[in-house]
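Scroll down for the structure; my scribbles are underneath it.
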There are 2 protein chains.
Amino acid sequence: MTAKLKGETREPPDITRTAVTAAAEPIQVNFNSLPAEENPPERISIRDVAKQAGVSIATVSMVVNQNPRISRGTHVRVQRVIDSMGYRPNRLAQSLSSRYTQVLAVILPPLRHAFADAYFGEILSGISDRAGKLGHKLLIEQAKPQYIKEGKHIELYERRFVDGVLCLGFNEKHGFLSDLRQYPMILVDNRFGEGVLDYVHCDYRMGAKQAMNCLLQLGHRNIGMIYAAPESPTARDVLEVYTTELRNAGIEVKESWMADGCFTDEGGAAAADLLTHRDKDLTALLCGNDKMALGAIRYLVEHGHKVPQDISVVGFDDIQHLAYANPSLTTVHLPLYELGVAACERLVSRIRGKVDRVAEVLPTHLVLRESTSIVRTR
Amino acid sequence: MTAKLKGETREPPDITRTAVTAAAEPIQVNFNSLPAEENPPERISIRDVAKQAGVSIATVSMVVNQNPRISRGTHVRVQRVIDSMGYRPNRLAQSLSSRYTQVLAVILPPLRHAFADAYFGEILSGISDRAGKLGHKLLIEQAKPQYIKEGKHIELYERRFVDGVLCLGFNEKHGFLSDLRQYPMILVDNRFGEGVLDYVHCDYRMGAKQAMNCLLQLGHRNIGMIYAAPESPTARDVLEVYTTELRNAGIEVKESWMADGCFTDEGGAAAADLLTHRDKDLTALLCGNDKMALGAIRYLVEHGHKVPQDISVVGFDDIQHLAYANPSLTTVHLPLYELGVAACERLVSRIRGKVDRVAEVLPTHLVLRESTSIVRTR
DNA sequence: GTTAACTGTTTAATCAGTTTAACAATCCAT
DNA sequence: ATGGATTGTTAAACTGATTAAACAGTTAAC
């Protein structure tokens, strides 16, 4: 009979409703000045503001959205009421009505330490900073097998959680990416198919060329390569440039000079083990990322090889706080922060329908430090 | 006159509306089988399902929410229609109506590398996993000064972005925390005031005791301490236990044995520098976290001190991949993943109104590795 | 001095759900 | 056969915003 009381509390739902599947600034605070518990502040809606200001809710909405059809006088008058009442528009209602959530999702690969990874972290910083500036919030998801199986990545759009998705650490092998083809999304630091998905990635070919030039100029001819994820287009870029540059220098490329290091520290160490035993004449190692390079250096040092005197090592990424490693690492600097910024920027442009398919490649540069030196003479 | 066309596209808003302030499973994909671009799938609403199933929208809603008032037969019949149509409830409408968003925010401190931090990463993993299981999404925010000044942390609730907030890496010095007092929130790995805020933290007193016991048992008597953030209650716990344990062992505590390492690698190195010059007789260092411990070891090794032969070092955190460091680090293991899980669990319970003020402390244990040894005899 | 164009505001429909109260239909006891 | 309790379903109100279309009041043009 009577309308539901405003502010009445209800029980929150215990389960997620997914319908489709039926299964399953530092300021010192004086604690004494803080009342132990306060009633939650009562919600002020657009109707309350409209009533108080003596206008319609449409007018309030237009003031909030800075619609130019509202006169200066009305704008000021209503804005004063808004400020005095502390009105904040309910974003759920805004999004329901406007069809835009102003939220983006970042999908990370299902690695145990994805959240603590320097590579992802740097990209995330860029994404987060730019998203904030563009007035967007960030949802973080991890694409575990179960997650994909349940179609949660599609729900992200279909249930209106987000306007767009940024995918980090995936490549063509990850079939779920093509499920997102029809929605706003961007693949970060890789590419996919031919004009199938939007992407932004670092120029791994340029980076590989810079690294190889460096090693060749230092006189190295027996150069090993610790790669990873050969199914990844950008990883293949590096491998291709590696072999091409060797050939161009008149060096015969040996299959035994290459090993998979799985992008990990341990993998890098294992690969260094393998490579140094397969060919004792290797004087340099090119590594697909810094983590593998560090693993390799650790292995080499522990097994009596001096770095760089016996073997030079070059990495990829230029992860922070590694300049302190001993020896410090010569590496290809990837503009990961900028990559995140660009990816976020492009995605939002796509959401706003302003641009066509995005395909951008960001330049790299070599950072020469202590893990490389002129080739040893026998 | 005519109703707006369904699926008609509108322009997304260019600005954030904040009213209050007027200022400012790997599967290979065959690309050829993918149509270049598809029309976005048309939205299916609860009304479409109701019509198709020949029931009211209330019934569909109750089926989706597994309301027991719906008969078995109706449930099955409607569920079939839901599945066949691929209906997914719009979460914005659900949340607007139900008053619960099923979204939690994680607020990180404004550090440059907060997203790539092993400490935060581990906690985040726990939070993320548990949030997923509880049917909640995660929003990630960084509390930059501007962010707090603009009251964005309060908007998180007031504009219905989230149901609750987890705060990582903050302490009593961070005044904005008290703004959140009246909303569901939990302070992670610290405490605040006396029953003012919910919190879960590791038992730093226990950890400090374990570390000191170890060092004292190894015969050390001149033990230095590299602390950080002395305004933090948990950091003070460690300092207090450190001094108490020394006194209990009949050792006079010297002010010159303590230095602030700012929780960073460089800070740890600088503190080690300071401490070893202030007192050449120090045989052990207790460090507030692993990063400082590593910085200290790096400094010590580079300056001719052998670790552990000359100086033993104990850390705090037990960050992954550090077991490989040389020497590997003896450290107090903090159950950070479990901390994240517990924090998330408790927060959701609070949101559901099931429990009172949360104040939980998780046990630690010492991991003995190579950076500690029996005290050197002169 | 009408008519047309422009301004600023409001009305009402819409977004897509949840929930309360009412209602119809069946069941059991009187 | 009548009344009350029980069960399953629906109508309608409600969540809090946006926006197209209508409308009233001025001003400009013919």
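Chain letters run A, B, ... following the sequence lines, proteins first and then strands; every chain starts at 1.
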Side chain of B:Q94: nearest nucleotide among C:dA16, C:dT18, D:dT18? C:dT18

Examine C:dT18: is either OP1 or OP2 under 4.0 Å from a nitrogen or oxygen in the side chain of B:N65? Give yes or no. yes

Least distance between heavy atoms, A:F176 atom then A:A143 atom: CZ-CB, 4.3 Å

hbond_proxy B:S97 side chain to C:dG17 base (donor-acceptor, 3.5 Å cutoff): yes

Exercise: identify the closest heavy-atom pair between A:S349 and A:V355: CB-CG2, 3.8 Å

Measure from CG on B:L92 to C1' on C:dT18 and round the result to the nearest Å. 15 Å

Roughly how far, to the nearest 0.5 Å, is CG of B:L96 from CG of B:N90? 9.5 Å

Between B:Q182 and B:Y157, a side-chain donor and acceptor under 3.5 Å: no

Students often get this wrong, so: under 4.0 angstrom with heavy atoms, is A:R160 touching a base, only sugar-phosphate, or nothing? nothing

When the nearest nucleotide of DNA chain D is assigned to A:A93 and to A:A58 on a heavy-atom basis, which residue is associated with the more 5' position? A:A93

Name the residue from B:V165, B:L180, B:L177 that meets the side-chain contact (heavy atoms from CB on, under 4.5 Å) definition with B:H153. B:L180

Go through the N and O atoms of the side chain of A:R91 and the base of D:dA17, and report whether any donor-acceptor pair is under 3.5 Å. no

Closer than 4.0 angstrom, basic N to acidic O: yes or no for A:K152 and A:E141? no

Per the end-axis method with five pairs at each terminus, what is the bend angle of the helix from C:dG1-D:dC30 to C:dT30-D:dA1, to 10°? 60°

Regarding A:R350 and A:D198, does a basic nitrogen lie under 4.0 Å from an acidic carboxylate oxygen? yes

Side chain to side chain contact (heavy atoms under 4.5 Å, CB included) between A:F120 and A:V106: does it pass, once the steps are laid out? CA-CA 11 Å; A:F120 294 131; A:V106 174; over 6 Å; no

Is a side-chain donor-acceptor pair under 3.5 Å present for B:S56 with B:T59? yes

Within this structure, what is the CZ-to-P distance between A:R99 and D:dA17, rounded to whole angstrom? 18 Å

Look for any protein N or O under 3.5 Å of an N or O in nucleotides 6-9 of chain C and output each such pair with its distance, or none.
residue	atom	partner	partner atom	Å
C:dT9	OP1	A:S71	OG	3.4
C:dT9	OP1	A:T74	OG1	2.2
C:dT9	OP2	A:S71	N	3.0
C:dT9	OP2	A:S71	OG	3.3
C:dT9	OP2	A:T74	OG1	3.1
C:dT9	O4	A:R69	NH2	2.3

Give A:I57 one of three labels, base, sugar-phosphate or nothing, depending on what nucleic acid heavy atoms sit under 4.0 Å from its own. base

Under 3.5 Å, which protein N or O atoms sit close to an N or O of nucleotides 25-27 of chain D? Give each pair with its distance.
none

Can you see if the side chain of A:Y100 gets near the phosphate of C:dC15 - specifically, an N or O under 4.0 Å from OP1 or OP2? no

Could you measure the distance from the CD1 atom of B:I123 to the CG atom of B:L168? Nearest 0.5 Å is fine. 4.5 Å

Heavy-atom pair with the smallest gap, counting every atom of B:V188 and B:L166: CG2-CD2, 4.1 Å

Could you tell me how far apart B:N67 (CG) and C:dT18 (C1') are, to the nearest whole angstrom? 11 Å

